[in-house]
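Both ligands and their constituent atoms are indexed starting at 1 by order of listing.
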Amino acid sequence: MTAHQLFQPFRLKSLELKNRIVMAPMTRSFSPGGTPTPQVAEYYARRAEGEVGLIVSEGTVVKRPASSNDADIPCFYGEKPLLGWKAVIDKVHANGGVMAPQLWHMGVVAPKNSRGLPPAPFEGPSGYVAPGKIGGVAMTEHDIADTIRAFAQAAAEARTLGFDAVEIHGAHGYLIDQFFWHPTNQRTDAYGGKTLAERTRFAADLIRAVRQAVGPGFPICLRISQWKLQDYAAKLATTPAEMETWLAPLVQAGVDIFHCSQRRFWEPEFTGSDLNFAGWAKKLTGKPTITVGAIGLSGDFLAAFQGEASTPSSLDELLRRFDRGDFDLVAVGRALLADEGWARKINEGRSAELRGFSKEALATLS
Ligand SMILES: Cc1cc2nc3c(=O)[nH]c(=O)nc-3n(C[C@H](O)[C@H](O)[C@H](O)COP(=O)(O)O)c2cc1C
């Protein structure tokens, strides 16, 4: 297995990557009280050492009373957490890596456990955690404005700390995606509406504020998905034309890169073409895109959570699409979680040494 084309540099604004491999954001819950520990810094630094081009951190939450349901998930605000993140980026840089934090607000979610209960109710566009199911409160216009400020503030902190870019988590049924999705966004004000374009207003306002906070030259990546944890088969955009009405205002607001989350990268997004989600996002916006979803592994990550082990698999189909120019970067989750040296092994053609993934790997931060 040779994949030399993935080892070409990538440049965008101030971002300079030595190759096209991205570590996908993966929540690890090893940051007690919201502060990344020295072990967290070493975990990321090992992936930098292992030749990952761009590391995207686990989701790290912005400053809202109920942005998280887990006290072991890192915060991206407050003196101690930010000192923890400073140690992370310094170590990653010392090992030749490049990194973006993934900024996150969970929106309305189920409580994880009583220890993780926030001091305020979970909040979202209309209080829905899933179609027809209330799990929190509807945000007021004041809550929305404060949330947008919190994302902008966190992005500014990321830049000040020395991170190389920011990623905004707009996927998987969390807050920003709850605004995109009609079943969870039943608002009748300017943040709701019958069309996906209307429901994109919150994300567009948020990106605009982030852009203003980081300046024109600092890369902003937005992670999006059609699927949601609440409904794997959900589709926000059912046609390319609808997808364009969704993404165009986000480009206008300042998105530089779309990180297009799929569970299986080889699945076509719409009938009549084999382009995947990242392929369509690139075609419709002209912006660079990241693809993801079971790259280098036999099974997808939700199956893995149910205990199905994944074994290493060929990159041929990925490379076929990459060579065609469908996307610019490829994000790898579990394969990099299980094996810090995955990227280097791919670069050196050491495919016999690649490891599979089983959910036991989640128990430690190795
Ligand atoms: C343990 C774990 C935690 C994850 N946490 C996040 C997260 O915080 N933010 C996010 O956008 N995606 C998260 N994901 C999804 C991954 O970023 C990725 O999209 C998914 O695992 C598919 O890639 P893979 O098949 O290479 O693992 C997580 C996945 C795993 C396995």
SB check [X] [Y] (cutoff 4.0 Å):
{"X": "Arg324", "Y": "Asp274", "result": "yes"}
{"X": "Asp231", "Y": "Lys228", "result": "no"}
{"X": "Glu49", "Y": "Arg46", "result": "no"}

**Request:** May I ask you to identify, for Arg28, whether its side chain, its backbone, both or neither come under 4.0 Å of ligand 1 on a heavy-atom basis?
**Result:** neither
Please confirm whether [X] approaches ligand 1 to less than 4.0 Å, judged on its heavy atoms.
{"X": "Phe305", "value": "yes"}
{"X": "Ala171", "value": "no"}
{"X": "Leu362", "value": "yes"}

**Prompt:** How about Lys13: does its NZ atom have over 12 heavy atoms from other parts shown lying under 6.0 Å from it?
**Reply:** yes
**Message:** Please determine whether the number of non-hydrogen atoms from other residues, nucleotides or ligands lying under 6.0 Å from atom NZ of Lys345 exceeds 12.
**Reply:** yes
**Prompt:** Is the closest N or O pair between Pro25 and ligand 1 shorter than 3.5 Å?
**Reply:** yes
**Item:** Nitrogen or oxygen atoms of Arg263 and ligand 1 under 3.5 Å apart
**Value:** no
**Item:** Within 45° cone of Phe10 ring axis and under 6.0 Å: Arg20 NZ or CZ
**Value:** no
**Request:** For residues Phe301 and Trp227, establish whether the separation of their ring centroids is below 6.0 Å.
**Result:** yes
Using a 4.0 Å cutoff against the non-hydrogen atoms of [X], which atoms of ligand 1 qualify?
{"X": "Ala24", "answer": "17 (O)"}
{"X": "Gln102", "answer": "7 (C), 8 (O), 9 (N), 10 (C), 11 (O)"}
{"X": "Arg334", "answer": "24 (P), 25 (O), 26 (O), 27 (O), 31 (C)"}
{"X": "Gly59", "answer": "8 (O)"}

Identify the protein heavy atom lying closest to [atom], giving its residue, its atom name and the separation to 0.1 Å.
{"atom": "atom 23 (O) of ligand 1", "answer": "Val292 CG2, 3.7 Å"}
{"atom": "atom 26 (O) of ligand 1", "answer": "Gly333 N, 2.8 Å"}
{"atom": "atom 5 (N) of ligand 1", "answer": "Thr27 N, 2.8 Å"}
{"atom": "atom 20 (C) of ligand 1", "answer": "Phe301 CD2, 3.5 Å"}

**Item:** Of the listed options Arg223, His259, Lys359, Gln262, closest to atom 18 (C) of ligand 1 (non-hydrogen atoms)
**Value:** Arg223
**Asked** Pick one: which of Val52, Leu54, Ile257 meets side chain to side chain contact (heavy atoms under 4.5 Å, CB included) with Val22?
**Response** Leu54
**Prompt:** Do you reckon Val56 sits in the same ILVMFWY cluster as Leu206, going by side-chain contacts under 4.5 Å, direct or chained?
**Reply:** no
**Message:** Could you check whether Gln226 and Gln262, counting side-chain N and O atoms only, form a donor-acceptor pair closer than 3.5 Å?
**Reply:** no
